[in-house]
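The structure under discussion appears below in the form of structure tokens.
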Amino acid sequence: MIEPADRIKQLPPYLFVEIDRKIREVREKGMDVIKLGIGDPDTSTPEYVIERMVQEVRDPKNHSYPPDEGLHDFKEAVAQYYRERHNVKLDPGAEVLPLIGSKEGIAHVHFAFVNPGDINLVPDPGYPVYGIGTLFAGGESYRMPLREENDYFPDLEGIPEEVLEKAKLLFINYPNNPTGAVATPEFLERVVAFARKNNILICHDAAYSELAFDGFRPMSLLEVEGARDVGIEFNSLSKTFNMTGWRIGYAVGNGEALEALSRFKTNIDSGFFQAVQYAGVEALTNPRRDSFIEELQHLYQERRDVVADGLKKMGWNISPPKASFYFWAPVPEGYTSQSFVSKVLEETGVVVTPGSGFGKYGEGYFRIALTVEVSRLKEAMSRLGEAISF
Ligand SMILES: *Cc1c(COP(=O)(O)O)cnc(C)c1O
């Protein structure tokens, strides 16, 4: 067998492989499993999007290679959506880049900017792709701890000067996976000033920008003055429109940065199915868009309240998230993330994610995803309540 490259051998084991193995074991014992692990929406893509897709699949003009730089109509739709939802004006030609899901762009942006020896500033705990993309491109990650006492914001002032000298990309993600934290305008302004001062490109991952509760409205990075001089924002139809399987996302913001990413991508992929891009146009611009989003917010808000109530009754003192579909909670004393998650799974059949899977500063926490219906969440909370004592 031919030896895989170092970049493959250096990869940490995929978080969910070990969990999947345990789930099989527990199921074989006849236990009913409730999965609150992976953050994949359980409700359907809007009907109006599916109808448009069916129509476009039948149209032979969509069966050829799509334009490399993305379908113009889709880019226009993203610009319209940003104008209507964030009051941000974008030039669809230069400031919007369609992606095969935002993960694709988040993984590839490193290849457009990172040389061996360069440093990326990466939140920890965080979405693993920021650090793994850095590794693949030969760069190094400087892990920025996200601590509860700092509202899960990185301490930008605490980053050493010698790190800043080599720093290229700064990743931030609000509403945040896994902590559920949200950004404030002041924080985003500080990030923009920091990036400008240190000549760093901000990569804001806004995958959960529409999943907010109690009337809270998460900001786009691009709402901050001057942000597009120093930043790009990744966004996705995955969580907003229950379209994870469709693979459609986009980046917006600094035109030169997007041009570099686009040049890399042109040499790797050849875009994605034009019919999917038309379905994306429908998702982003259909008159039923806002009411769909509102219903989705209510759905997750009700689930959040069930979990908030359940955890509170068990004695967990955590504030419920204002956005995202995650709860981030400390494990009880005497456990590690992994030992707690294993105990919960073995004794209750409830699957939660160990915080340590999101980086070393996630140790001591676990994550609950609100991606099952209320009755199952209630059942999960009652099982947890029986199994856990403080
Ligand atoms: C789900 C998620 C994404 C979205 O990924 P897609 O590739 O667009 O499906 C991006 N970032 C974070 C933090 C996520 O949790």
Side-chain angles (χ1 to χ4, degrees), residues 14-16 35-43 45 49 70 74 78 81 96-110 120-134 141 144 146 152 154 169-183 202-212 218 220-221 231-253 261 265 268-269 271-273 276-277 279-280 283-284 296 300 321 323-328 352-353 355 357-359 361-362 367-371:
Y14 184 55
L15 180 60
F16 294 101
K35 286 190 179 182
L36 310 180
I38 297 180
D40 192 354
D42 59 313
T43 53
T45 302
V49 176
F74 179 63
V78 170
Y81 167 83
V96 181
L97 179 66
L99 298 171
I100 313 168
S102 60
K103 182 179 186 179
E104 180 263 306
I106 293 167
H108 282 150
V109 69
H110 304 272
N120 287 339
L121 310 175
V122 170
D124 182 336
Y127 188 55
V129 187
Y130 316 135
I132 288 172
T134 306
S141 297
M144 304 181 293
L146 302 187
Y152 297 110
L169 306 178
L170 164 66
F171 284 86
I172 55 170
N173 164 221
Y174 297 96
N176 184 257
N177 177 9
T179 67
V182 297
I202 307 164
C203 296
H204 180 224
D205 180 352
Y208 297 91
S209 61
E210 295 286 9
L211 302 189
S220 163
L221 172 71
I232 58 177
E233 179 160 275
F234 292 95
N235 212 327
S236 172
L237 280 66
S238 285
K239 313 293 161 58
T240 305
F241 300 104
N242 298 330
M243 291 176 72
T244 49
W246 297 60
R247 310 312 302 135
I248 177 166
Y250 53 89
V252 292
L261 175 55
K265 276 172 57 57
I268 296 277
D269 60 65
F272 59 105
F273 193 15
V276 171
Q277 300 193 53
L284 292 169
L296 197 64
Y300 289 124
S324 84
F325 49 46
Y326 300 114
F327 262 85
W328 182 246
V352 297
T353 308
F358 300 99
Y361 297 100
R367 190 191 73 177
I368 294 175
L370 302 173
T371 44

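Along the sequence shown, the residues carry numbers beginning at 1. Computed from a predicted model, the values in this text were never measured in an experiment. Each ligand, and each atom within it, is numbered from 1 in the order the structure gives.
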### Task
Nearest 0.5 Å please: distance from the CZ atom of F358 over to the OH atom of Y127.
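Here the rounded value is 10.5 Å.
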
### Query
To the nearest 0.5 Å, what is the distance between CG (L221) and SG (C203)?
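L221 CG to C203 SG: 10.0 Å, rounded to 0.5 Å.
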
Where on [X] is there a heavy atom closer than 4.0 Å to ligand 1, on the side chain, on the backbone, on both, or on neither?
X    : answer
F234 : neither
S102 : both
E104 : neither
N173 : side chain

What is the closest protein heavy atom to [atom], and at what distance does it sit?
atom                    : answer
atom 15 (O) of ligand 1 : Y208 OH, 2.6 Å
atom 7 (O) of ligand 1  : R247 NH2, 2.6 Å
atom 9 (O) of ligand 1  : S238 OG, 2.6 Å
atom 13 (C) of ligand 1 : D205 OD2, 3.2 Å

#### Entry: Proximal atoms of ligand 1 relative to G101 (non-hydrogen, under 4.0 Å)
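With G101 as reference, the close atoms of ligand 1 come out as 7 (O), 8 (O).
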
### Message
Suppose I only count heavy atoms of S236 and a 4.0 Å limit; which atoms of ligand 1 are within that range?
### Response
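Selected atoms, number and element: 6 (P), 8 (O).
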
### Task
Anything under 30° is parallel, anything over 60° is perpendicular, the rest tilted; go ahead and classify Y130 against F171.
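Answer is parallel, since the angle falls under 30°.
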
### Task
Would you mind reporting whether Y326 and T179 have side-chain heavy atoms less than 4.5 Å apart?
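Not touching, per the 4.5 Å side-chain cut-off.
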
### Side-chain heavy atoms of F234 within contact of N173, under 4.5 Å
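Counting from C-beta outward, F234 and N173 never come under 4.5 Å.
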
#### Entry: Heavy-atom donor-acceptor pair, T45 side chain to N242 backbone, under 3.5 Å
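Here the side-chain-to-backbone pair exists.
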
### Task
Only counting residues at least two apart or in another chain, list the ones meeting salt bridge (charged side-chain N to carboxylate O under 4.0 Å, His left out) with K239.
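Salt bridge (charged side-chain N to carboxylate O under 4.0 Å, His left out) list for K239, sorted by chain: empty.
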
### N/O separation below 3.5 Å, K239 to ligand 1
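Among all N and O atoms of K239, at least one is under 3.5 Å from an N or O of ligand 1.
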
### Query
Any N/O of K103 closer than 3.5 Å to an N/O of ligand 1?
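By distance alone, the answer is yes.
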
### Task
Could you point out which residue of L121, D124, V122, L169 forms a side-chain contact (heavy atoms from CB on, under 4.5 Å) with S141?
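Output: one option passes, namely V122.
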
